[in-house]
Amino acid sequence: MFGMLPFDRSNDNLFDTFDNFARDFFRSSNASLPAFRTDIRELDGKYVLEAELPGFSKEDISLDVKDGILTISAEHKENHEEKDERGNYLRRERRYGSFTRSFDITGIDESGITAAYQNGVLELTLPKSQPVIPEARRIAIE
């Protein structure tokens, strides 16, 4: 009950032990949690990867495939200035954010990957590659 009060700042609540451990562990190191959340579902013959990238426009996002690795990068730059009639700043704000995640796409048909971005969610369709069946052939003796 007392853990629900907004002014309770103690770390001795039994129900929050794991949350406090994780929060303190990651706060004291340079390690970071994943840059953006992704969900991967398997459907018949393909995988669907959904990445949450709210606040980014389609032009801010890049997808690269190299050596069996899919890299999703998103970079956002914003510069807002307000000046008075003499050119003096009344307000000047800058914001920058950059996120990158990489995924191993072994077993994926790289030429069939498609992407769509709508309402802050990037959806990639990753078709499974067809297994290569070795061909049997007879060799003629001369």
Side-chain angles (χ1 to χ4, degrees), residues 1-140:
M1 165 87 179
F2 292 108
M4 295 175 59
L5 298 175
F7 54 82
D8 182 29
R9 299 284 188 239
S10 67
N11 287 332
D12 59 353
N13 186 342
L14 180 63
F15 297 106
D16 292 332
T17 302
F18 181 76
D19 288 340
N20 292 332
F21 171 76
R23 191 175 304 117
D24 292 339
F25 179 79
F26 288 111
R27 183 182 308 143
S28 64
S29 70
N30 290 332
S32 62
L33 296 174
F36 49 86
R37 295 182 186 258
T38 59
D39 296 325
I40 302 173
R41 295 178 286 136
E42 182 177 7
L43 301 174
D44 28 298
K46 64 183 174 184
Y47 294 101
V48 176
L49 183 146
E50 293 177 343
E52 296 178 5
L53 295 165
F56 290 94
S57 65
K58 185 169 70 170
E59 293 76 25
D60 294 337
I61 302 169
S62 65
L63 304 170
D64 299 304
V65 175
K66 182 179 180 185
D67 298 330
I69 303 293
L70 168 69
T71 302
I72 303 172
S73 302
E75 183 177 22
H76 182 72
K77 296 178 185 177
E78 184 177 314
N79 190 3
H80 182 75
E81 296 180 356
E82 287 183 20
K83 296 182 180 182
D84 62 8
E85 60 276 352
R86 292 179 288 174
N88 296 326
Y89 290 109
L90 297 175
R91 182 176 75 160
R92 184 176 182 186
E93 296 181 1
R94 291 162 301 283
R95 207 167 53 144
Y96 175 81
S98 173
F99 303 105
T100 301
R101 286 196 68 186
S102 297
F103 300 90
D104 179 13
I105 55 171
T106 304
I108 300 295
D109 177 15
E110 295 180 6
S111 63
I113 297 174
T114 59
Y117 183 70
Q118 185 177 8
N119 297 328
V121 178
L122 174 68
E123 183 176 297
L124 295 170
T125 303
L126 307 162
K128 295 178 183 179
S129 61
Q130 299 299 322
V132 177
I133 301 171
E135 232 178 76
R137 66 184 184 106
R138 181 165 288 195
I139 300 172

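Atom-to-atom distance recorded for Ile108:CD1 and Thr106:OG1 is 8.5 Å, nearest 0.5 angstrom. Separation of atoms CZ (Phe103) and CG (Leu70) is listed at 7.0 Å; rounding is to 0.5 Å. Atom CG of Asp64 is separated from atom NZ of Lys66 by 9.5 Å, given to the nearest 0.5 angstrom. Note that CD1 of Ile61 and CD of Glu59 are 9.0 Å apart. Values are rounded to the nearest 0.5 Å.
Electrostatic pairing of Lys128 and Glu42 counts as a salt bridge here, judged by a charged N lying under 4.0 Å from a carboxylate O.
Taking Thr114 as the reference, nothing meets the side-chain hydrogen bond (donor to acceptor under 3.5 Å, both in side chains) condition, with sequence neighbours excluded.
Residues Glu75 and Asp60 form no side-chain contact, since every pair of their non-hydrogen atoms from C-beta on lies 4.5 Å or further apart. Looking at heavy atoms from C-beta onward, Thr100 lies in side-chain contact with Thr71 at the 4.5 angstrom threshold. At least one side-chain heavy atom of Val48 sits under 4.5 Å from a side-chain heavy atom of Leu43.
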Counting only pairs under 3.5 Å, give me each side-chain donor-acceptor contact of residues 117-124, with atom names and distances, residues two or more places apart or in other chains.
from, atom 1, to, atom 2, distance (Å)
Tyr117, OH, Leu53, O, 2.7
Tyr117, OH, Phe56, O, 2.7

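Among all heavy-atom pairs drawn from Thr125 and Pro127, the shortest one is O-CD, 3.4 Å.
Formation of a donor-acceptor pair under 3.5 Å by the Arg101 side chain with backbone atoms of Ser73 is not found in this model. At distances below 3.5 Å, at least one donor-acceptor pair connects side-chain atoms of Ser129 with backbone N or O atoms of Gly107.
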Test log, rule salt bridge (Lys or Arg N to Asp or Glu O under 4.0 Å), inputs Glu50 and Arg41: CA-CA 8 Å; Glu50 293 177 343; Arg41 295 178 286 136; 3.2 Å; yes

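Just one residue in the list Asp39, Ile105, Leu126, Ile113 forms a side chain to side chain contact (heavy atoms under 4.5 Å, CB included) with Leu49, and that residue is Leu126.
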